[in-house]
Amino acid sequence: MSKPRLRFAPSPTGSPHVGNIRTAVFNYLYCRHTGGTFILRIEDTDRERYVEGSLEEIMLSLRWMGMDWDEGPEVGGDYGPYFQSQRLDIYARYAEELIERGRAYRCYCTKERLEELRKYQESNKLPLGYDRRCRDLSPEDRARLERENPEPVIRFAMKLEGTTEFDDVVRGHLVFDNALQDDFVIIKSDGYPTYNFANVIDDHLMEITHVIRGEEFISSTPKHVQMYEAFGWETPVWVSVPLILDEQRRKLSKRSDTQTRFVSYIEDGYLPEAMLNFLATMGWSSGEDKKIYTREELIEQFTLEGISTSAAVFDLARLNDLQGEHVRLLSVDDLANRLVPFLQAANYVGNPPTASEMDYLKRIVPLIQPRLVLLKDAPDMTLYFYRDDFDYEEKGARKYLVKDTTPGLLEAVAEKLESLQQWFCETIELAVREAGASLGMEGGQVIHPVRVAVTGRTFGPGLFELMDVLGKDRCTARLRRAAAWARDRLGTVEPQTSS
RNA sequence: GGCGCCAUAGUGCAUCGGUUAGCACACGGCUCUUUCAAGGCCGAAGGACGGGUUCGACUCCCGUUGGCGCCGCCA
């Protein structure tokens, strides 16, 4: 059997969302697992809903995920063009062929008539659908109707009896009653094909072997199957993957509370490997109890049989957990490099960063790595490594700085540190503790105020590690600044005494 | 309204006729600790309901209920 050929076929009608990309993930993983070809095809047949820029977002999202396509926009291929808007003549030709075969017909019904028909059906609780008025027109009627509406659509003539059946890898054998099917439009009055038509023509012409798509297409698959039959073409393997739902358990959409635009996850600083891990394990399982998968493991283990049947609710907490795990999996150098764009945006490092900026960053990274989730949080998390004029966190200042003992303490610590010959975690810790001890204070009583003085915050990496990175001069200067700050406010602010 | 798909803790998955129904996230507690994380330990929490089939059903079949999807000159 020849190598599988799969396509991801988005329409450029808006920002791709998580569900779209998850479908791409399954296509991509199966391709790489089998050594098949991954194709990107743009289904831009709806001129009204076309959104400028969405094509770019689609390509950016796929590439960011490391899912480069083997054929498609910008890379070409032997089955192009890969934009449906550039294949109009092809669809017209095949539509004509269907008419000749008696499996399609021109429909002159106006949108108004269709609208009325629909209203009538709805108000009488009848099944919705076209009434096939134009399916068997006499030559006279056709001529008359053609004068009334010179821009007909072309509809596919569905079988009126029997059943349409097909096998879906994840759903099993599916059977649909033909009598309930609709004569759907294949060519619109503007000459553009509909999804249902172009999709089938292109899948055949591009020799697609497996159609992996969301389960919302199950109901229209009988239409597709009948077209393959009408042309005498072999059908691809159908793979209907479960939907991804938002917290309201609705199909993900722009209206969902869940962050929908995929690129917003890129902007937030999620790791592509975390996102891939997350998306791949939503609706698919290798069968083992395993949480972290690398791209290689996913490609190695991905099978169609592992795809589950039920829809999955998008769980941001799980994504974030996976994100944290993958952040911690990165080497210091790797994480440092990925942080650069975010730090540049905050003006912490230059573009490009200097060698010494990178060296400094690589000393910071180990301290924040276990605490960092979204890369976009790095600038805030590292603020005091780059700025001296930070404010003191209000609660922390009230609790640790505004005490009559603190100015003296901080100055004593500063003095002690200034005398240090060697600046290491161990020497710093010893000095800080000793300075505190000389004033009759122990551990926490000195460490907390010092932390606030040096970082402005009550939380963060180990104090001595961070002071080590900051360096002696900065630390002592900050201690003296805090001491002065505290002295200025003595008596003016009520210290918080509770622990 | 018609048709279809789905149904294991709050969430994501495992268990594909025989298990005290397992794991992860989230949640609660403890622990480590200068804080916050990370880590370790412990805990609470589940087979929608009803019928079959079978020696035995979470697992197979049917029905009910519920959820979702589709029913466009959208994809």
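Per chain, numbering begins at 1; letters A, B, ... match sequence-line order.
Taking only side-chain atoms of A:H448, from C-beta outward, the nucleotide of B:A75, B:G12, B:U34 with the closest atom is B:U34. Checking B:C73, B:C36, B:C71 against the side-chain heavy atoms of A:L128 singles out B:C71 as nearest. For A:K188, whose side chain is taken as the heavy atoms from C-beta onward, the closest listed nucleotide among B:A14, B:C73, B:U35 is B:C73. Nearest nucleotide to the side chain of A:D182, out of B:G72, B:A75, B:G10: B:G72. With B:U11, B:G69, B:C25 as the candidates, the nucleotide lying closest to the side chain of A:D321 is B:C25. Among the nucleotides B:C25, B:U34, B:C74, the one closest to any side-chain atom of A:E465 is B:U34. For A:R118, whose side chain is taken as the heavy atoms from C-beta onward, the closest listed nucleotide among B:C23, B:G10, B:G72 is B:G72. Listed candidates were B:C68, B:C74, B:A37. Nearest to the side chain of A:P370 is B:A37.
Distance check on atom P: B:A21 versus B:G39 gives 29 Å, rounded to whole Å. Comparing B:G12 with B:A26, their P atoms sit 15 Å apart, to the nearest whole Å. Comparing the P positions of B:G2 and B:A45 gives an interatomic distance of 41 Å, to the nearest angstrom. Annotation: B:U65 and B:C73 have their C1' atoms spaced 39 Å apart (nearest Å). For the P atoms, the distance from B:A48 to B:A14 is 15 Å, rounded to whole Å.
At a threshold of 4.0 angstrom between heavy atoms, the contacts of A:P461 include nucleobase atoms, whether or not backbone atoms are also involved. Base contact: A:T458 has a heavy atom under 4.0 Å from a base atom. Across all strands, A:L372 comes closer than 4.0 Å to no nucleic acid atom at all (heavy-atom distances). Within 4.0 Å of A:I218, counting heavy atoms only, lie sugar-phosphate atoms of the nucleic acid but no base atom. The residue A:F278 sits apart from the nucleic acid: no heavy atom pair falls under 4.0 Å. Counting any heavy atom pair closer than 4.0 Å across all strands shown, A:F176 reaches sugar-phosphate atoms only and no base atom. A:V153 comes within 4.0 angstrom of a nucleotide base, judged by non-hydrogen atoms across all strands. At the heavy-atom level, A:G444 lies nowhere under 4.0 Å from the strands shown. Using a 4.0 Å heavy-atom distance criterion, A:L243 is classed as a sugar-phosphate-only contact. Among the heavy atoms of the strands, none lies under 4.0 Å from A:R47. Among the protein residues, A:G283 comes within range of the sugar-phosphate backbone only, with heavy atoms under 4.0 Å from sugar or phosphate atoms but none that close to a base. Residue A:T13 is out of contact with every strand shown, counting any heavy-atom pair closer than 4.0 Å.
Of the nucleotides present, B:G12 is the one that pairs with B:C23 by Watson-Crick or G-U wobble criteria, both distances under 3.5 Å. Nucleotide B:A45 forms no Watson-Crick or G-U wobble pair with any nucleotide shown, as no partner meets the under 3.5 Å limit on both distances. Across all strands shown, the partner of B:C70 is B:G2, judged by Watson-Crick or G-U wobble contacts whose two distances both fall under 3.5 Å. Across every strand in view, B:A57 sits unpaired, with no contact that passes the Watson-Crick or G-U test at under 3.5 angstrom. Across all strands shown, B:U35 has no partner, as no Watson-Crick or G-U wobble contact with both distances under 3.5 Å is found. Nucleotide B:G50 has B:C62 as its partner under the Watson-Crick or G-U criteria, with both atom distances under 3.5 Å.
In this structure, A:Q181 atom CD and B:C70 atom C1' are separated by 11 Å, rounded to whole Å. Rounded to a whole Å, the CD atom of A:E122 is 13 Å from the P atom of B:C71. Regarding A:F156, its CZ atom lies at a distance of 17 Å from the C1' atom of B:C73, rounded to whole Å. In this structure, A:R155 atom CZ and B:C71 atom C1' are separated by 13 Å, rounded to whole Å. In this structure, A:Y91 atom OH and B:C73 atom P are separated by 19 Å, rounded to whole Å. Atom pair A:I447:CD1 and B:U35:C1' shows a separation of 9 Å (rounding to whole Å applied). B:U11 atom C1' lies 9 Å from atom CZ of A:R318, rounded to whole Å. Rounded to an integer number of Å, the gap from OH of A:Y195 to P of B:G72 is 16 Å.
OP1 or OP2 of B:C70 lies within a sub-4.0 Å distance of a side-chain N or O belonging to A:K251. Contact between the side-chain N/O atoms of A:K290 and the OP1/OP2 oxygens of B:C13 is not found at any separation under 4.0 Å. The phosphate of B:A7 (OP1 or OP2) has a side-chain N or O of A:T309 nearer than 4.0 angstrom. Side-chain nitrogen and oxygen atoms of A:R451 include none within less than 4.0 Å of the OP1 or OP2 phosphate oxygen of B:C36. The phosphate of B:A75 has neither OP1 nor OP2 within less than 4.0 Å of any side-chain N or O from A:R49. In terms of phosphate contacts, A:S308 brings a side-chain nitrogen or oxygen within less than 4.0 Å of OP1 or OP2 of B:C13. Contact annotation: A:R457 does not reach the phosphate of B:C36 (side-chain N/O to OP1 or OP2, under 4.0 Å). The shortest distance between the side-chain N/O atoms of A:R171 and the OP1/OP2 oxygens of B:G4 is not below 4.0 Å. Between B:U35 and A:R371, no contact under 4.0 Å exists linking OP1 or OP2 to a side-chain N or O. Checking the phosphate oxygens (OP1, OP2) of B:C5, no side-chain nitrogen or oxygen of A:S310 falls inside 4.0 Å.
Checking side-chain atoms of A:H173 against main-chain N and O of A:D167 turns up no donor-acceptor pair under 3.5 Å. Under the 3.5 Å distance criterion, the side-chain polar atoms of A:W423 are left unmatched by any main-chain donor or acceptor of A:I428. Between the side chain of A:K188 and the backbone N or O of A:T45, at least one donor-acceptor pair lies under 3.5 Å.
Geometric assessment of A:R155 against the ring of A:Y130 yields a positive cation-pi assignment under the 6.0 Å and 45° thresholds.
For A:N149 and A:R106, the side-chain atoms include no donor-acceptor pair closer than 3.5 Å.
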Please walk me through it: do A:W284 and A:F302 pass ring pair (Phe, Tyr, Trp, His ring centres under 6.0 Å)?
CA-CA 8 Å; A:W284 173 81; A:F302 189 82; 5.3 Å; yes

